[in-house]
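Here the structure is laid out as structure tokens; the discussion comes afterwards.
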Number of protein chains: 2
Amino acid sequence: MAKRMVSLKDISKACGVSIATVSKALNDHSDISKETKERIRAVADELGYHPNAAAQALKTNRSNNIGVLFVDEANSGLTHDYFSHVLDSFKKKAEQEGFDITFINADKTRTNNMSYLSHAIYRGFDGVVIACVEFADSEVTELINSNIPVVTIDHSFYNRISIVSDNIKGIRDLVTYIYEQGHRKIAYIHGSEDTAVTQSRLSSFYKTLQELDVNIPDEYVVSAPYRNIEKSLEVTNKLLDLPDPPTCILYPDDFAAFGGYNAIRMRGMTVPNDVSVAGYDGIEIARRISPVMTTIVQDTDKIGRTAATKLIDLINNPKGTLIEQIVIEGTLQPGESVGKI
Amino acid sequence: MAKRMVSLKDISKACGVSIATVSKALNDHSDISKETKERIRAVADELGYHPNAAAQALKTNRSNNIGVLFVDEANSGLTHDYFSHVLDSFKKKAEQEGFDITFINADKTRTNNMSYLSHAIYRGFDGVVIACVEFADSEVTELINSNIPVVTIDHSFYNRISIVSDNIKGIRDLVTYIYEQGHRKIAYIHGSEDTAVTQSRLSSFYKTLQELDVNIPDEYVVSAPYRNIEKSLEVTNKLLDLPDPPTCILYPDDFAAFGGYNAIRMRGMTVPNDVSVAGYDGIEIARRISPVMTTIVQDTDKIGRTAATKLIDLINNPKGTLIEQIVIEGTLQPGESVGKI
DNA sequence: TTGAATTACGAAAACGATTAAGTGAGAAAA
DNA sequence: TTTTCTCACTTAATCGTTTTCGTAATTCAA
């Protein structure tokens with residue numbers, strides 16, 4: 001930190017007015033004359049004055065700082081493609097509104113350990129956004145049930161605002177498209193069962209198949225972790241080793257779907273001629289390299305932006321903001337990885 | 001923010017001691033008896049006390065908060081694979097040491113505009129890490145020349161600690177490997193010329209070729225933006241349209257190299273049989289999908305960790321910390337995208 | 001001309017924490 | 001016994017802002 005800050009006091013001395021007057025002038029209060037305001041502002045500039053966030057926060061109980069909590073099963077942190085896009089969009093919107101973003105420590109190994117809530121209180125976050133975490137974690141529920149404004153992403157709580165992507169529609173669109181391409185032997189490698197996202201995708205998968213009057217054997221529905229290329233490769237091989245293998249396989253996400261690409265290629269087969277592959281998320285690379293992946297492109301931009309907007313609404317008007325679940329639709333990208341049969 | 005915080009005052013009342021005693025007890029000062037400390041700590045827990053970062057920062061001039069500044073040409077922000085890995089590693093290390101991470105606003109469109117330096121002073125960051133930015137930006141130099149502890153990544157200033165990846169060695173290793181595979185017609189699509197990274201890679205490219213006694217036509221060295229699949233696709237096509245096309249092409253980064261994959265495939269050719277491709281960075285997807293990319297895998301973990309370590313050293317000991325440029329080597333991943341000739 | 005309203009500012013407390021300096025009691029040293 | 005230390009606290013100032021409540025001077029209404 002700088003040696004010593006230029007403070008209101010310095011300006012007040014230089015201008016021959018009181019500290020209160022300086023504060024009010026800089027905050028554009030109405031009870032300071034135009035001339036005085038201008039003079040004070042000029043001197044402030046000249047002296048190189050910068051407000052002090054700590055002092056302001058202390059006095060006003062407003063930090064203009066939002067806490068971000070993100071933990072995923074793989075601990076991929078910032079390197080998680082889907083989340084990093086959401087966060088990036090969230091950040092942009094929040095910054096436009098004058099908020100900064102600070103991470104809530106997810107590392108539980110650190111010396112000075114604090115619970116998520118403690119951390120949030122310590123930093124005086126005006127609000128917190130929670131994404132992709134294991135929402136059953138007691139520390140998470142503690143945070144959610146606190147009186148700090150919270151918005152959750154991809155998981156809903158009855159008493160909190162949440163932004164979730166439309167997994168029901170996403171899977172329905174995807175499966176319907178695959179069906180329309182002629183596939184009837186459709187397998188689904190879904191992500192970890194204990195997340196809300198997986199649950200809704202899975203139920204939508206079954207429901208859609210039922211509506212389309214497609215029957216699939218139980219062996220077609222298996223589990224693999226999200227974002228894990230090796231595991232999906234393994235599981236893909238098992239599926240293709242079945243006596244009656246599927247003609248199309250859905251994956252937990254695009255990244256995992258690349259594991260499918262690999263497995264299929266390693267068997268000397270090609271996508272989509274021999275086996276079709278569908279991902280989920282629409283990460284950049286999946287949209288850019290051939291065969292372009294058939295997937296649901298998440299509207300990460302909208303998810304992040306909406307989360308920020310709603311959280312800031314909530315911060316500015318804790319009582320008057322509607323608690324709701326906002327569902328954001330993704331769009332089907334037909335791509336090239338699902339072939340016609 | 002919570003209604004009203006439990007403060008030292010509340011504890012002091014509950015314990016019948018002075019506020020000073022409570023403060024010292026919680027900070028484990030030596031002039032408080034063991035019994036009193038224990039009693040105070042118990043009451044603090046019971047009351048649900050959390051320290052107040054703002055008050056602490058105000059009083060101590062220490063925020064335990066590090067500012068992160070990152071801007072790249074594409075404004076990819078957090079979604080930049082290389083940077084997000086570096087940042088993730090930086091964050092982990094910093095958090096272990098009790099620091100939080102806050103972004104320095106890169107959005108210049110916001111209402112309440114502040115220069116990077118103003119922002120850093122405003123938040124009272126103990127230190128700042130700067131990465132991948134356009135380092136010629138006057139706001140950046142202002143920040144670098146301030147008295148805030150700074151560590152830069154991938155760009156060096158004579159009076160500041162910097163962490164840079166070993167681009168000289170990286171390109172040398174890469175080109176040498178390609179040479180050993182029998183290639184003599186080696187083209188280089190390099191990134192934007194105005195960055196230090198590009199400069200050192202480019203000079204290493206020329207130097208290595210010279211040492212290997214390889215001559216290439218001027219047309220083999222062209223420019224395309226970093227992380228831009230479309231542009232590299234275009235430029236690749238131009239290279240392959242040359243009367244005497246290269247047998248191997250180096251790209252600005254792995255992401256861009258996928259543009260090469262695409263261009264080559266769209267011509268009905270295959271990598272590496274018809275044309276060889278080399279990337280740079282070693283992003284996860286490049287290491288995972290076939291043909292596995294021949295590239296230099298950056299040690300993002302070490303870069304981030306080292307940056308954090310050095311910055312914290314500098315914060316804790318501004319005078320006594322050696323100003324140095326730390327070079328972090330990457331490792332050649334042979335991969336499969338460069339073939340034998 | 002007088003009382004009321006308006007304008008432009010100042011004094012001071014408060015937010016929560018830290019810390020230098022001071023204090024009183026008992027223990028140790030002389 | 002007197003002096004000197006230690007020990008275990010307390011007092012009070014301070015960090016930089018904000019904000020409530022005054023208040024003096026000026027303007028306005030009647």
Side-chain angles (χ1 to χ4, degrees), chain A residues 1-41 43-44 47-65 112 118 121-126, chain B residues 1-41 43-44 47-65 112 118 121-126:
Chain A
M1 230 165 142
K3 306 285 103 116
R4 212 189 63 78
M5 307 198 53
V6 177
S7 69
L8 294 186
K9 200 191 218 171
D10 301 310
I11 304 176
S12 83
K13 269 186 201 144
C15 288
V17 296
S18 76
I19 296 179
T21 303
V22 178
S23 171
K24 292 194 228 171
L26 295 177
N27 289 314
D28 207 22
H29 285 211
S30 58
D31 63 345
I32 304 295
S33 74
K34 211 181 156 201
E35 298 75 36
T36 311
K37 276 183 191 170
E38 279 165 6
R39 187 160 48 95
I40 289 177
R41 289 198 187 123
V43 173
L47 260 48
Y49 169 78
H50 300 283
N52 180 316
Q56 281 183 169
L58 181 58
K59 189 62 192 149
T60 61
N61 263 358
R62 257 276 211 161
S63 61
N64 289 307
N65 202 188
N112 181 20
S118 299
I121 294 180
Y122 168 63
R123 283 287 172 203
F125 295 133
D126 295 331
Chain B
M1 230 168 141
K3 306 285 102 117
R4 213 189 63 78
M5 308 198 51
V6 177
S7 70
L8 294 187
K9 201 192 217 171
D10 301 309
I11 303 176
S12 83
K13 269 186 201 145
C15 288
V17 295
S18 75
I19 295 179
T21 303
V22 178
S23 172
K24 291 195 223 170
L26 296 177
N27 289 313
D28 207 23
H29 284 212
S30 59
D31 63 345
I32 304 294
S33 74
K34 209 180 157 202
E35 297 75 37
T36 310
K37 276 184 191 168
E38 279 166 6
R39 187 160 48 94
I40 289 177
R41 289 198 186 124
V43 173
L47 261 48
Y49 169 78
H50 300 282
N52 180 316
Q56 279 182 170
L58 181 58
K59 188 63 189 142
T60 62
N61 262 357
R62 258 276 211 160
S63 61
N64 289 307
N65 203 187
N112 180 20
S118 300
I121 294 179
Y122 168 64
R123 283 286 172 203
F125 295 134
D126 295 330

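A, B, ... follow the sequence lines: proteins, then strands. Residue 1 opens every chain.
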Name the residue closer to the 5' end of DNA chain D, choosing between B:Ala55 and B:Thr36 according to the nucleotide with the nearest heavy atom.
B:Thr36
Nearest-nucleotide comparison on DNA chain D, the residue closer to the 5′ end among A:Lys24 and B:Val17:
B:Val17
Any side-chain N or O of [X] under 4.0 Å from OP1/OP2 of [N]?
{"X": "A:Ser33", "N": "C:dC9", "answer": "yes"}
{"X": "B:Tyr49", "N": "C:dA17", "answer": "yes"}
{"X": "A:Asn27", "N": "D:dT18", "answer": "yes"}
{"X": "B:Gln56", "N": "C:dT18", "answer": "yes"}
{"X": "A:Ser23", "N": "D:dT18", "answer": "yes"}

Rounded to whole Å, please give me the gap between [atom1] in [X] and [atom2] in [N].
{"X": "B:Asn61", "N": "C:dA17", "atom1": "CG", "atom2": "P", "answer": "17 Å"}
{"X": "B:His29", "N": "D:dC7", "atom1": "NE2", "atom2": "P", "answer": "16 Å"}
{"X": "B:Ile40", "N": "D:dA8", "atom1": "CD1", "atom2": "C1'", "answer": "11 Å"}
{"X": "B:Arg62", "N": "C:dA17", "atom1": "CZ", "atom2": "P", "answer": "18 Å"}
{"X": "A:Arg123", "N": "C:dG16", "atom1": "CZ", "atom2": "P", "answer": "17 Å"}
{"X": "B:Ile19", "N": "D:dT14", "atom1": "CD1", "atom2": "P", "answer": "17 Å"}
{"X": "B:Leu58", "N": "C:dA14", "atom1": "CG", "atom2": "P", "answer": "17 Å"}
{"X": "B:Ile32", "N": "C:dT18", "atom1": "CD1", "atom2": "P", "answer": "13 Å"}

How many angstroms lie between atom [atom1] of [X] and atom [atom2] of [Y], to the nearest 0.5 angstrom?
{"X": "A:Lys34", "Y": "A:Lys37", "atom1": "NZ", "atom2": "NZ", "answer": "10.0 Å"}
{"X": "A:Arg41", "Y": "A:Cys15", "atom1": "CZ", "atom2": "SG", "answer": "12.0 Å"}
{"X": "A:Arg39", "Y": "A:Ile32", "atom1": "CZ", "atom2": "CD1", "answer": "10.5 Å"}

Base, sugar-phosphate, or nothing for B:Thr21, non-hydrogen atoms under 4.0 angstrom?
base
A:Asn65 (side chain) donor-acceptor with A:Phe125 (main chain) under 3.5 angstrom
no
Would you say the base of D:dT14 and the side-chain of A:Lys9 have a donor-acceptor pair closer than 3.5 Å?
no
Assess whether one donor atom and one acceptor atom, taken from the side chain of A:Asp31 and the base of C:dC9, lie less than 3.5 Å apart.
yes
Quick note, B:Lys59 side chain, CB onward, closest among C:dG16, C:dC9, D:dC9 is C:dG16
Output the single nucleotide from C:dT18, D:dT18, C:dC9 whose closest atom is nearest the side chain of A:Leu8.
D:dT18
Of all heavy-atom pairs linking B:Asn52 and A:Leu58, the shortest is ND2-CD1, 4.2 Å
